[in-house]
Q: 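Before anything else, here's the structure in question.
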Amino acid sequence: MQNQRDEAADDSSADLPCLEKLDSPTGSPPTASLSSLMELENCLSNLNLAHEIVLNRDFCFKPRSPPTDSLEGRVTEIVHRAFWDSLQEQLTSDPPNYSHAVILLQEVKTMLQSLLLPGHVRLRAQLDEVLDMELIRQEVDHGALDLHRLAGYIIDTMASLCAPVRDPAVRALRDLRDPVDLLREIFHVLGLMKTDMVNFTIQSLRPHLLQQAVQYERAKFQQILDKQPASLDHTTAWLQAVASEEAVAVGARPESSSPVSATAVLDRAYMRLLHWDPQDRKYPETVLMDRARLDALGQRLQMLVLEASVLLLTNTQCGDAVFSLQGFVGRLRQSVTALLEGSHTREADLKGALLGLGETVLQLVTEAVRGQGGAALPRESQDPLRGQISELWKHNNPVRTLIGDRVQGFLRAMLQGGLAKRSPELPAPLGLVSAELAELGTAFGRIVHFNRSVFGPFYAPILRKVLFPPGEAETGEDSR
């Protein structure tokens with residue numbers, strides 16, 4: 001999951017609901033005006049930003065710096081170098097030309113003013129007095145401008161305003177003597193300080209945003225829906241498909257005669273997001289802003305299922321005598337995590353990782369047994385263990401399916417009643433990863449709870465239409 005954010009302008013369009021249906025039969029261009037599309041994009045950007053601030057506790061902006069080996073990075077470097085070289089020529093000419101330097105001092109003053117709080121009355125007055133641009137222009141006209149004196153005041157002001165993390169950078173400014181280098185680094189550090197101020201403001205406002213987040217996001221999405229009525233098409237298809245699955249599951253339980261509930265449908269729908277096919281572009285619009293978080297949780301969930309499956313197979317073949325050895329389970333888990341990390345994206349990678357993991361597990365078992373003076377694992381146990389681990393790449397593998405079903409039950413129980421009511425009981429190998437599962441379930445539950453609070457009124461009519469066709473009685477169950 002991604003904890004920092006570049007500038008808002010860098011948002012990928014993939015993170016926002018599509019403005020037009022991708023499968024338009026005519027392929028005609030959008031009929032909306034440019035102004036309405038820009039208004040819609042602004043609405044989406046505000047919604048996405050507010051959502052990120054609320055759900056991502058580590059959310060912050062960071063200064064944008066293009067890669068040096070990219071075209072943008074090279075062009076930026078060339079333009080910046082040309083600008084500062086031009087300033088150098090102006091300041092070293094005889095007599096010096098301060099026209100651009102005065103413009104830069106005005107920009108520095110504006111940036112410093114943006115960092116002042118309402119209580120900085122005295123500092124603001126002092127800033128206006130020292131960086132009096134009219135007086136500075138008069139000094140330029142009479143050849144009396146002292147850039148180093150002004151720079152010294154600017155650095156002192158920055159030192160009084162900056163966060164502690166910027167103290168070393170501000171101190172380093174005092175060692176610079178060349179006026180061009182000094183101005184360039186002042187702008188660099190001021191840029192960092194502005195970013196710090198933005199992040200401080202976000203953290204200060206976050207508690208207030210949390211109180212208003214549900215109503216704000218709901219209202220923003222309603223604005224989007226008013227402009228683009230098709231913005232719930234994928235959500236509708238998602239809930240319809242899951243409702244059919246839930247109906248089949250309920251019908252297969254002979255002891256149950258209760259109708260399909262909206263809560264059960266939503267729980268199953270959210271669980272499906274953890275296993276979403278990356279090639280399926282019809283992702284529900286209402287959870288699109290959380291897709292990166294949900295995909296990361298789904299990948300972590302897959303790794304935990306595989307890890308628990310390996311632990312179960314090893315315990316079955318080697319017995320409690322090996323599993324109870326001090327430090328064995330810890331070393332085994334470290335090896336499993338290291339070898340399976342990153343192998344979930346491609347089936348071929350997972351196959352190769354599991355083949356190597358089988359050999360590593362056997363090596364760990366042999367070392368653990370010999371360390372206690374015991375005999376090595378017999379060949380009739382080694383080959384089945386190696387083969388069973390290598391077969392875990394199959395999605396229908398019995399062991400992987402068993403562990404996956406238990407994990408699904410665990411997460412659904414957390415959605416319904418929290419950790420205190422989780423059911424069914426976790427088997428021993430799954431208990432070894434219970435802390436990670438609880439952490440994952442908590443993060444998943446936080447996303448689900450917020451999404452349900454925001455979009456419950458949009459889900460309700462869809463579920464009512466699917467679960468209670470015209471003429472059938474409604475239970476009135478709240479989709480939230």
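Position 1 is the first residue of the sequence, and the numbers go up from there. Computed from a predicted structure; not experimentally measured. Scope of the values below: all heavy atoms of this structure, side chains included, with no hydrogens, waters or symmetry mates.
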Q: Check whether any side-chain heavy atom of T337 lies under 4.5 Å from a side-chain heavy atom of M303, and answer yes or no.
A: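 SC-SC contact between T337 and M303 ruled out.
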Q: Hey, does F221 have a side-chain heavy atom less than 4.5 Å from the side chain of Y216?
A: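 With C-beta onward as the side chain, the pair stays apart.
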Q: Between E359 and Q363, is the side-chain hydrogen bond (donor to acceptor under 3.5 Å, both in side chains) condition met? List the steps.
A: CA-CA 6 Å; E359 297 296 336; Q363 182 180 350; over 6 Å; no
Q: Among residues at least two apart in sequence or on other chains, which ones pass salt bridge (Lys or Arg N to Asp or Glu O under 4.0 Å) with D167?
A: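 Applying salt bridge (Lys or Arg N to Asp or Glu O under 4.0 Å) to D167 gives none.
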Q: Applying side-chain hydrogen bond (donor to acceptor under 3.5 Å, both in side chains), name anything that partners K194, two or more places apart in sequence or on another chain.
A: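 In terms of side-chain hydrogen bond (donor to acceptor under 3.5 Å, both in side chains), with neighbours along the sequence ignored, K194 is linked to no residue.
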Q: Check side-chain hydrogen bond (donor to acceptor under 3.5 Å, both in side chains) between H275 and all other residues, then give those that pass, not counting sequence neighbours.
A: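 H275 satisfies side-chain hydrogen bond (donor to acceptor under 3.5 Å, both in side chains) with Q408 once adjacent residues are dropped.
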Q: Can you see which heavy atom on M414 is nearest to which on T442, and at what distance?
A: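 Minimum heavy-atom separation between M414 and T442: CE-N, 3.8 Å.
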Q: So which heavy atom on L239 is nearest to which on A269, and how close?
A: CD2-CB, 4.1 Å
Q: Quiz question: by atom type and distance under 3.5 Å, do the side chains of T235 and E285 form a donor-acceptor pair?
A: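 E285 and T235 do have a side-chain donor-acceptor pair below 3.5 Å.
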Q: Do F200 and Q203 make a side-chain contact, defined as non-hydrogen atoms from C-beta onward lying under 4.5 Å apart?
A: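 Counting from C-beta outward, F200 and Q203 never come under 4.5 Å.
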Q: Mind checking side-chain hydrogen bond (donor to acceptor under 3.5 Å, both in side chains) for D226 and listing every partner two or more places apart, or none if nothing turns up?
A: Q222
Q: Counting only heavy atoms from other residues, nucleotides and ligands, does the tally under 6.0 Å from CZ of F187 exceed 12?
A: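 For F187, atom CZ is crowded (more than 12 foreign heavy atoms under 6.0 Å).
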Q: Determine whether F444 and M271 satisfy the following criterion, side-chain contact (heavy atoms from CB on, under 4.5 Å), listing intermediate values before the conclusion.
A: CA-CA 9 Å; F444 181 55; M271 293 298 299; 3.6 Å; yes
Q: My understanding is that only one of D267, I447, L415 makes a side chain to side chain contact (heavy atoms under 4.5 Å, CB included) with R452; could you say which?
A: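 Passing option: D267.
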Q: Identify whether the distance between the nearest side-chain nitrogen and carboxylate oxygen of E77 and R74 falls below 4.0 Å.
A: no
Q: Are the side chains of E217 and M289 in contact, using a 4.5 Å heavy-atom criterion?
A: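 SC-SC contact between M289 and E217 confirmed.
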Q: Could you give the distance from CG (L312) to CD1 (I403), rounded to the nearest 0.5 Å?
A: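 Reported value, rounded in 0.5 Å steps: 5.0 Å.
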Q: Can you see which heavy atom on A262 is nearest to which on L463, and at what distance?
A: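 In terms of heavy atoms, the two residues are closest at CB-CD1, 3.9 Å.
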Q: Evaluate the side-chain proximity of V214 to R218: yes if any heavy-atom separation is below 4.5 Å, no if none is.
A: yes
Q: When you check the gap from the basic side-chain N to the acidic O, do R386 and E391 get nearer than 4.0 Å?
A: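 Result for this pair is no, no salt bridge flagged.
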Q: Does the side-chain hydrogen bond (donor to acceptor under 3.5 Å, both in side chains) test come out yes or no for Y459 and N451, once each step is laid out?
A: CA-CA 10 Å; Y459 296 147; N451 182 271; 2.7 Å; yes
Q: Decide yes or no for L297 and L301: does some side-chain heavy atom of the first lie under 4.5 Å from some side-chain heavy atom of the second?
A: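 No. Closest side-chain heavy atoms not under 4.5 Å.
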Q: Measuring from R406:CZ to L411:CG, what's the distance to the nearest 0.5 Å?
A: 14.0 Å
Q: Residues in side-chain hydrogen bond (donor to acceptor under 3.5 Å, both in side chains) with R272, at least two apart?
A: E245
Q: Give the C-alpha distance, both sets of side-chain angles, the deciding distance and a yes or no for side-chain contact (heavy atoms from CB on, under 4.5 Å) between F450 and F455.
A: CA-CA 9 Å; F450 186 78; F455 296 102; over 6 Å; no
Q: Taking C-beta and beyond as the side chain, do N315 and L311 meet within less than 4.5 Å on heavy atoms?
A: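 No, every pair of side-chain atoms sits at 4.5 Å or beyond.
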Q: So do L306 and L350 actually touch side chain to side chain, heavy atoms under 4.5 Å?
A: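 Yes. Closest side-chain heavy atoms under 4.5 Å.
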Q: If I take atom CE from residue M158 and atom CE from residue M111, how far apart are they, to the nearest 0.5 angstrom?
A: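 The CE atom of M158 sits 8.5 Å away from the CE atom of M111.
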Q: Sequence neighbours left out, what passes salt bridge (Lys or Arg N to Asp or Glu O under 4.0 Å) with R300? Give chain and number order.
A: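 Once residues adjacent in sequence are excluded, R300 has no partner under the salt bridge (Lys or Arg N to Asp or Glu O under 4.0 Å) criterion.
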